[in-house]
Protein chains: 2
Amino acid sequence: MTASGYNRRERPAKPALSREGIVAAALDVVRREGAERVTMRRLAKELDTGPASLYVYVRDTDELHAAVLDELLGEVPRAAEGDWRSRLWTVVSTYRDVLYAHPGLARVALVTPLNGPNYLAIVDTVLGLLAEAGVPSGPAAWTVDLLLLVATASAVEHSTRKDRPDAERQHDALAETVRGLSPETHPNIVAASENLFSGNADTRSRWAIDALLNGARTTPLPD
Amino acid sequence: MTASGYNRRERPAKPALSREGIVAAALDVVRREGAERVTMRRLAKELDTGPASLYVYVRDTDELHAAVLDELLGEVPRAAEGDWRSRLWTVVSTYRDVLYAHPGLARVALVTPLNGPNYLAIVDTVLGLLAEAGVPSGPAAWTVDLLLLVATASAVEHSTRKDRPDAERQHDALAETVRGLSPETHPNIVAASENLFSGNADTRSRWAIDALLNGARTTPLPD
DNA sequence: ACCTGAACACCGTTCAAGT
DNA sequence: ACCTGAACACCGTTCAAGT
């Protein structure tokens, strides 16, 4: 205001705001500091403005997160080599891995209906693979949702835990609790305890997808 | 401090803090104002103290939320009438309904491993029903997880949307987007569009459970 | 020991006012 | 029209200090 030379900054020039610019800056912050730091205020600081300015281009934080997520979903391969089963596994597990890698973003995939181009491309690919897999077209439509829901939920489950160092301890606490259960009060848990904690995240995911697929193939939609 | 009569309050006496008291107060707030308002600060106000005091009895907000959720899970019936399929449906859908009814709490079920008594009772019940359903004991252990994961994720999906009045509009926006898709770029979505949005939440849930079960029965654990 | 005021480091969103 | 400073109404968690 007073000093006329003050307008010169290190950053060449303050670029005009735009939706694209905001999403791009958000992507940058995601990669540098994680999705948790993609907040309106943090982003405004990044763009050298106040948080109110962002609301001209973006409805709210969730919408921004969804836009960033769709951008990241560009990494998910549309096609791959191999039979339908391994291609399906590739797509779904890559989708899940993107969410794994961005803990703060997995939540938004559950909370707002995604409708970005990359998300839609994935849905289309999965539907194609389900047809190849012999899932009838009725169940297939519901199966995509279920498949992506499971992938998303697994990511939220796993990734948020990675975040917190006491998570392993908490998981151990659960295993401990289960070990301490009496066969009198919890007969079925005690009987199943061997398998309750077996397998790693990947093995279990893969089994879940297979089971889902086998179920979808044999379970007709209700009339 | 200065006025000696100030200690007399409407509330009979300030009760000593305790974990039970805190959880009870939290439950109260959940029922009166919703789970979103169960924050450390809000609760401290309720208990007439500062937020720091709660940390003596509760590790963090998530742990508090998990404790409240377990309390609410007491509503889920352990047994019910009918064959295994309808009993399983009752348990799983009641579990989901509890989460539906408490949007802010569904998240915690995904994020922290639950290990409260009521949760464990539900797991035991479901394991019993899966045995009755003829699911082999290996897959059964993984199926409980998957079943409750799907129920939880559906609750997060649906309930958070109920929260926000523009959610329906957003869903319509998705349907609109899908309708506008070209068969050239998204052949499978266009072909499936009839079923993509068919069915209500309950119908789809029920189908998902059936499909899961059918899959679990026929998909052996990997070696 | 047990408890807590006050501080630190943040949030999302709105709206009146400025250019 | 487009943009934004400042305010409103909150957060979780820690820690030095008090009883």
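In what follows, every chain begins at residue 1, and chains take the letters A, B, ... in the order their sequences are listed.
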* Starting at CE of A:Met40 and ending at P of C:dT13, how long is that distance when rounded to a whole Å? -> 6 Å
* Tell me: CG of A:Leu43 to C1' of C:dC10, nearest whole Å? -> 15 Å
* To do: Verify whether one side chain among B:Asp97 and B:Thr94 offers a donor that lies under 3.5 Å from an acceptor in the other.
  => no
* **Whole angstrom value for the distance that separates P of C:dG5 from CG of B:Leu54** => 11 Å
* To do: Kindly point out which of D:dT4, C:dC3, C:dA7 is positioned nearest to the side chain of A:Val56?
  => D:dT4
* To do: Write down the distance separating the C1' atoms in D:dC15 and C:dC2, rounded off to the nearest Å.
  => 15 Å
* To the nearest Å, how far apart are B:Glu46 CD and D:dC10 P? -> 14 Å
* Asked: Whole-Å distance between D:dC3 C1' and A:Ile22 CD1?
  -> 12 Å
* Asked: Of the candidate nucleotides C:dG12, D:dT13, C:dT4, which contains the atom at the shortest distance from the side chain of B:Thr49?
  -> C:dT4
* Asked: Once you round it to whole Å, what is the distance between P of C:dG12 and NZ of A:Lys45?
  -> 11 Å
* Asked: So does A:Ser53 get a side-chain nitrogen or oxygen closer than 4.0 Å to the phosphate oxygens (OP1/OP2) of D:dC3?
  -> no
* To do: Answer with yes or no whether the side chains of A:Tyr100 and A:Ser154 bring together a donor and an acceptor at under 3.5 Å.
  => no
* Report the distance from atom CD of A:Glu63 to atom P of C:dG12, rounded to the nearest whole Å. => 14 Å
* Asked: Given atom OH of B:Tyr55 and atom C1' of C:dA6, what is their separation to the nearest angstrom?
  -> 15 Å
* Is any side-chain N or O of B:Thr61 closer than 4.0 Å to OP1 or OP2 of D:dC11? -> no
* Which residues satisfy the ring pair (Phe, Tyr, Trp, His ring centres under 6.0 Å) test with B:Trp89, sequence neighbours excluded? -> none
* To do: Determine which nucleotide pairs with D:dC2, using a 3.5 Å limit on both distances of a Watson-Crick or G-U wobble pair.
  => C:dG18
* Asked: Between the side chains of B:Arg179 and B:Ser193, does any donor sit under 3.5 Å from an acceptor?
  -> no
* Taking any strand in view, what nucleotide pairs with D:dC8 in a Watson-Crick or G-U wobble way, both distances under 3.5 Å? -> C:dG12
* Structure fact -> Out of D:dT13, C:dC11, C:dT13, minimum distance to the side chain of A:Asp60 belongs to C:dT13
* Is there side-chain contact between B:Val91 and B:Val126, with heavy atoms separated by less than 4.5 Å? -> yes
* Structure fact -> Regarding the side chain of B:Ala52, the nearest nucleotide among D:dT14, D:dT13, D:dC3 is D:dT14
* To do: Would you mind telling me which of C:dT13, D:dT13, C:dC3 lies closest to the side-chain atoms of A:Pro51?
  => C:dT13
* **Interatomic distance at C1', D:dC10 relative to D:dA6, whole Å** => 16 Å
* A:Arg37 side-chain N/O to C:dC10 phosphate OP1/OP2 under 4.0 Å -> yes
